[in-house]
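None of these values were measured; they are calculated from a predicted model.
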Amino acid sequence: MYVVIADLRTFANRADSAQIRSGRGKPGELLEKAADCIMSCFRVCVSDTRSTLDVSKKWGTLPIVNSLFKIYFKTNKMQLCKPLIRAIESSNIKDNFRQSHLVTYKYYVGRKAMFDNDYEKAEEYLSYAFDHCYSYSERNQRLVLVYLIPVKMMTGC
């Protein structure tokens with residue numbers, strides 16, 4: 001399901017760009033439609049209560065949330081991230097997700113906290129993302145540092 005969602009997001013992003021270049025449609029229109037479909041998948045995963053934890057659909061929630069974060073940040077609809085953050089933070093498996101998904105999640109939550117002027121929370125989440133980012137992912141480390149350095153300057157660390 002993760003691959004399908006990632007492909008849907010990529011396809012919607014490219015279609016949106018092509019539509020804007022041709023002068024038809026509004027920016028982010030197709031991305032918002034893709035976000036609606038992805039949100040439906042998220043609801044299915046979150047509401048899975050019948051299966052045991054090792055085969056639960058809840059393991060798909062964090063990759064789906066990360067895809068939604070990417071869309072919401074691109075379309076400047078960051079207020080839609082709050083219920084997703086609450087859902088992940090209240091999850092009983094939030095610390096057991098794959099490291100790569102956790103790093104992406106912490107990166108976006110840290111960015112959101114920065115934009116909400118919650119610099120202590122932003123520093124905590126962005127520092128986690130930087131410290132746990134794979135050492136060969138220089139591009140990802142650079143992306144985290146773009147936000148972590150100003151946050152550290154604001155907090156005086």
Side-chain angles (χ1 to χ4, degrees), residues 1-48 56-91 93-119 121-130 132-134 136-151:
M1 181 168 56
Y2 172 70
V3 174
V4 172
I5 288 172
D7 288 346
L8 173 63
R9 183 178 45 80
T10 303
F11 181 70
N13 197 19
R14 289 181 182 167
D16 210 30
S17 297
Q19 197 174 37
I20 292 168
R21 276 194 307 271
S22 68
R24 299 174 300 164
K26 298 179 286 185
E29 181 180 7
L30 296 174
L31 277 170
E32 289 177 21
K33 288 180 181 179
D36 290 340
C37 294
I38 296 170
M39 184 56 91
S40 298
C41 295
F42 175 74
R43 287 187 195 102
V44 168
C45 289
V46 167
S47 64
D48 182 30
S56 176
K57 293 176 189 168
K58 290 186 180 189
W59 291 107
T61 56
L62 193 60
I64 293 172
V65 165
N66 289 338
S67 289
L68 286 168
F69 280 167
K70 289 174 186 177
I71 292 172
Y72 293 154
F73 273 81
K74 186 161 181 83
T75 59
N76 201 22
K77 303 241 183 209
M78 290 182 282
Q79 70 275 11
L80 298 175
C81 295
K82 192 173 247 182
L84 299 173
I85 294 169
R86 266 197 312 266
I88 295 298
E89 293 298 322
S90 67
S91 173
I93 58 172
K94 73 176 179 180
D95 296 325
N96 298 328
F97 287 107
R98 287 181 47 195
Q99 189 67 33
S100 58
H101 296 305
L102 280 171
V103 167
T104 303
Y105 171 76
K106 301 275 187 175
Y107 167 71
Y108 280 107
V109 173
R111 278 184 63 186
K112 181 169 180 347
M114 179 182 165
F115 290 120
D116 292 340
N117 296 325
D118 188 354
Y119 298 117
K121 182 177 177 183
E123 182 186 359
E124 174 191 346
Y125 280 85
L126 290 170
S127 293
Y128 178 95
F130 184 75
H132 293 86
C133 191
Y134 294 125
Y136 60 84
S137 300
E138 292 178 10
R139 179 181 173 274
N140 292 347
Q141 290 174 338
R142 202 172 310 116
L143 287 172
V144 174
L145 285 174
V146 164
Y147 297 98
L148 182 59
I149 291 171
V151 165

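Within the 4.5 Å cutoff, the side chain of Leu148 has heavy atoms near those of the Leu145 side chain. Put simply, the side chain of Ser47 does not reach to within 4.5 Å of the side chain of Lys57, judged on heavy atoms. Phe42 is listed as a side-chain neighbour of Val46, based on a closest heavy-atom distance under 4.5 Å. Two residues are said to be in side-chain contact when any heavy atoms from C-beta on lie closer than 4.5 Å; Phe115 and Tyr147 meet this criterion. Residues Tyr108 and Ile85 have side chains not in contact (no heavy-atom distance under 4.5 Å, counting atoms from C-beta outward). Using a 4.5 Å cut-off on side-chain heavy atoms (C-beta onward), Lys112 and Tyr72 make no contact. Contact check for Tyr107 versus Cys133: no side-chain heavy atoms found under the 4.5 Å cut-off. Looking at Trp59 and Asn96, their side chains come closer than 4.5 Å, going by heavy atoms from C-beta outward.
A distance of 11.5 Å separates SG of Cys81 from CZ of Arg86, quoted to the nearest 0.5 Å. If you take CG on Leu84 and CD1 on Ile64, they are separated by 10.5 Å, rounding to the nearest 0.5 Å. Atom SG of Cys41 sits about 11.5 Å away from atom CG of Asp36, to the nearest 0.5 Å. Annotation: the span from Ser127 atom OG to Lys106 atom NZ amounts to 11.0 Å, rounded to 0.5 Å. Separating the CZ atom in Phe97 from the CG atom in Leu62 is a distance of 5.0 Å, to the nearest 0.5 Å. To the nearest 0.5 Å, the span separating NZ on Lys121 from CD on Glu123 amounts to 14.0 Å.
Shortest non-hydrogen contact noted between Thr75 and Gly28 is CG2-CA, 4.0 Å. Closest heavy-atom contact between Ala122 and Gly110: CB-O, 3.4 Å. When every heavy atom of Val103 is checked against every heavy atom of His132, the shortest pair comes out as CG2-O, 3.5 Å. Taking all atoms of both residues into account, the shortest heavy-atom contact from Asp48 to Ser56 is OD2-OG, 3.2 Å. The nearest pair of heavy atoms linking Pro27 to Ile20 is CA-CD1, 3.5 Å.
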Set out, in order, the CA-CA distance, both residues' side-chain angles and the distance that settles side chain to side chain contact (heavy atoms under 4.5 Å, CB included) for Asn13 and Thr10, then state yes or no. CA-CA 5 Å; Asn13 197 19; Thr10 303; 5.7 Å; no

Start with the C-alpha gap between Asn140 and Leu143, add the side-chain angles, then the distance that decides, and say whether side chain to side chain contact (heavy atoms under 4.5 Å, CB included) holds. CA-CA 5 Å; Asn140 292 347; Leu143 287 172; 4.2 Å; yes

Give the intermediate values and the outcome of side chain to side chain contact (heavy atoms under 4.5 Å, CB included) for residues Tyr134 and Ser100. CA-CA 8 Å; Tyr134 294 125; Ser100 58; 4.2 Å; yes

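Heavy-atom contacts from other residues, nucleotides or ligands closer than 6.0 Å to CD of Glu138 number 12 or fewer. Shown here is Lys94, whose NZ atom has more than 12 heavy atoms of other residues, nucleotides or ligands within 6.0 Å. When the shell of 6.0 Å around CZ of Phe11 is examined, it contains 12 or fewer heavy atoms from other residues, nucleotides or ligands. More than 12 heavy atoms of other residues, nucleotides or ligands lie within 6.0 Å of NZ in Lys58, so this atom counts as buried by the packing criterion.
Sorted by first and then second residue, the pairs that involve residues 15-31 and meet side-chain hydrogen bond (donor to acceptor under 3.5 Å, both in side chains), not counting sequence neighbours, are Ser22-Arg24. Every pair passing salt bridge (Lys or Arg N to Asp or Glu O under 4.0 Å) that includes a residue from residues 67-77 is listed here, sequence neighbours excluded: Glu32-Lys77.
The aromatic rings of Phe73 and Phe69 sit perpendicular to each other, their planes meeting at more than 60°, with 30° as the lower class boundary.
Aromatic ring centroids of Tyr2 and His101 lie under 6.0 Å apart.
No donor-acceptor pair closer than 3.5 Å links the side chain of Ser137 to the backbone N or O of Arg139.
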